[in-house]
Trainee: 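After the structure tokens below, expect a handful of questions from me.
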2 protein chains.
Amino acid sequence: MADDANLALDRQLCFAIYSAAHAFNRTYKPLLDPYGLTYPQYLVLLSLWQDDGKTVKALGEALHLDSGTLSPLLKRLEASGYIERTRDRADERQVLITLTPKGREMKGEAHGILMQIGKAAGCTADDLHQLGASLQALADRLRARQTPDTA
Amino acid sequence: MADDANLALDRQLCFAIYSAAHAFNRTYKPLLDPYGLTYPQYLVLLSLWQDDGKTVKALGEALHLDSGTLSPLLKRLEASGYIERTRDRADERQVLITLTPKGREMKGEAHGILMQIGKAAGCTADDLHQLGASLQALADRLRARQTPDTA
DNA sequence: CCAAAATAGATTGCGCGCAATATAATTTTG
DNA sequence: CAAAATTATATTGCGCGCAATCTATTTTGG
């Protein structure tokens, strides 16, 4: 019956995203281990390289993560010397996240890491861009159903 | 320079997969909560519906998970009544995972869940299938670099 | 047949990811 | 201007996900 076909599709897509995310994680791990970084921590650095000096909240919005995840993660990133956490003088509730020199230097290493990933992914930059765009669009649609902003 | 463009691509794709996986997770959560299931537990059921009576090892290969993840997860699935864990008489090292009646009945509920997801994803079954295939291919290429099976 | 190697699962420790809650600072209201 | 509501971050608890280690059971080889 059609139900079984639908279930197969469900399994295929859900599992594809789930396992692609894990495959990425596992591919990055050996590349990031030498720097004492995890994949989510690397994403934080990617975000800061683009735009340094964010608040925790802004970082959370950029990465779709909440303070329960970010607070301890950022403490570890500070402990390993990549970022600094400073209370905003003007609004003491906020914590500003800024790159240290070590954090900025790491950006230079990222290029080599990227090359490795590109090789491992084994397709053209265009293919990757296309896939990324499809995924982002899908994720955006899923998120739109969760938080009906336009009330 | 080109490096910055490459970094942007890196950020886009890595982040797209990472955040799409989380978006899926968050979309499934409210649908699975009423059944006391988590997303990885649901994936185990999907796999068993297709092929009941696997060993832990076979399940791990199907889902790309190891015993460190599966052992406690399967114990929870047993505790909530969806599966049974029985030692294989012929080889006492192995544990066979089989669906309980409750586990088999849950397959009927999956159809409704799937409909919800389809609606939330907001695209045709064909689109989803296409995207799933691209992702699976990418994940396979990434995994191929990690474990050079063909030694 | 028995010791060594291999195999299947389980356990431990650590880092997310998220819900729920707590705390502290700021803003809004009465 | 003080109490209440809001906002930003931190903490706690639980379930993965994975490396490393451990135990128990085959399987192999001498």
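The analysis underlying the following values was restricted to heavy atoms, covering all of them including side chains, and did not include hydrogens, waters or symmetry mates. Labels below follow one simple rule: chain letters A, B, ... track the order of the sequence lines, proteins then strands, and each chain is numbered from 1.
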Trainee: Base, sugar-phosphate alone, or nothing: which one does A/Leu70 contact when heavy atoms must sit under 4.0 Å apart?
Mentor: nothing

Trainee: Taking the nucleotide of DNA chain C with the closest heavy atom to each, which residue, A/Arg89 or B/Val56, is nearer the 5' end?
Mentor: B/Val56

Trainee: Looking at A/Tyr18, does any N or O in its side chain come under 4.0 Å of the phosphate oxygens OP1/OP2 on D/dG17?
Mentor: yes

Trainee: Consider the side chain of A/Gln41, meaning its heavy atoms from C-beta on, and name the nucleotide among C/dC16, C/dC18, D/dA10 that approaches it most closely.
Mentor: C/dC16

Trainee: Among all residues two or more places apart in sequence or in another chain, which pass the salt bridge (Lys or Arg N to Asp or Glu O under 4.0 Å) test with A/Arg76?
Mentor: none

Trainee: Nearest whole angstrom, please: distance from the P of D/dA20 to the CG of A/Asp33.
Mentor: 9 Å

Trainee: In whole angstrom, what separates A/Leu73's CG from D/dA10's P?
Mentor: 12 Å

Trainee: Can you tell me how far P of D/dG17 sits from CG of B/Leu74, to the nearest Å?
Mentor: 12 Å

Trainee: Any donor-acceptor pair, under 3.5 Å, between the side chain of B/Ser67 and the base of C/dA10, if you only look at N and O atoms?
Mentor: yes

Trainee: Which listed nucleotide (D/dA8, C/dG9, D/dC16) is nearest to the side chain of A/Lys57?
Mentor: D/dA8

Trainee: Using whole Å, report how far OH of B/Tyr28 lies from C1' of C/dC18.
Mentor: 19 Å

Trainee: Given ring pair (Phe, Tyr, Trp, His ring centres under 6.0 Å), test A/Tyr18 with B/Phe24 step by step and report yes or no.
Mentor: CA-CA 9 Å; A/Tyr18 174 84; B/Phe24 251 76; over 10 Å; no

Trainee: Going by side-chain contact (heavy atoms from CB on, under 4.5 Å), A/Leu99 matches just one of A/Leu77, A/Val44, A/Leu45. Which one?
Mentor: A/Leu45

Trainee: The side chain of A/Asp91 lies closest to which of these nucleotides: D/dG15, C/dA8, C/dA25?
Mentor: C/dA25

Trainee: Taking all atoms of both residues into account, what is the closest heavy-atom pair of B/Met106 and B/Trp49, and its distance?
Mentor: C-CZ2, 3.5 Å

Trainee: C/dC14 P sits how many Å from A/Leu77 CG, rounded?
Mentor: 18 Å

Trainee: Counting side-chain heavy atoms from CB outward, which of C/dA8, C/dA10, C/dG17 is closest to B/Ser71?
Mentor: C/dA10

Trainee: In whole angstrom, give the distance that lies between atom NE2 of A/His22 and atom C1' of D/dC18.
Mentor: 10 Å

Trainee: Is there a side-chain contact between B/Arg76 and the phosphate of D/dC16, meaning an N or O under 4.0 Å from OP1 or OP2?
Mentor: yes

Trainee: Counting heavy atoms from C-beta on, name the nucleotide in C/dA10, C/dC18, C/dA8 closest to the side chain of B/Arg87.
Mentor: C/dA10

Trainee: When you measure from the side chain of A/Glu92, which nucleotide among D/dA10, D/dC18, C/dT26 comes out closest?
Mentor: C/dT26

Trainee: In whole Å, I'd like the distance from the CG atom of A/Leu65 to the C1' atom of C/dC16.
Mentor: 9 Å

Trainee: Could you pull out the closest heavy-atom pair between A/Ala139 and B/Ala20, with the gap in Å?
Mentor: CB-CA, 3.8 Å

Trainee: Between C/dG15, D/dG17, C/dC18, which nucleotide has the shortest distance from any of its atoms to the side chain of B/Thr69?
Mentor: D/dG17

Trainee: Ignoring hydrogens and geometry beyond distance, is the side chain of A/Arg93 in donor-acceptor contact with the base of D/dT9 at under 3.5 Å?
Mentor: no

Trainee: According to the interplanar angle, ranging from 0 to 90°, do the rings of A/Tyr42 and A/Tyr28 count as parallel (below 30°), tilted (30 to 60°) or perpendicular (above 60°)?
Mentor: tilted

Trainee: Which residue lies toward the 5' end of DNA chain D, A/Lys29 or A/Gly68, if each is placed at its nearest nucleotide?
Mentor: A/Gly68

Trainee: Looking across every strand, which nucleic acid part, if any, lies under 4.0 Å from B/Thr38 by heavy atom: base, sugar-phosphate, or nothing?
Mentor: sugar-phosphate

Trainee: Could you state the atom-to-atom distance from CD of A/Gln94 to P of D/dT7 in whole Å?
Mentor: 12 Å

Trainee: For B/Ala21, which contact category applies under a 4.0 Å heavy-atom criterion: base, sugar-phosphate, or nothing?
Mentor: nothing

Trainee: Reckon A/Ala90 touches a base, only the sugar-phosphate, or nothing at all at heavy-atom distances under 4.0 Å?
Mentor: sugar-phosphate

Trainee: With a 4.0 Å cutoff (strictly under), does any side-chain N or O of A/Lys75 reach OP1 or OP2 of D/dT11?
Mentor: yes

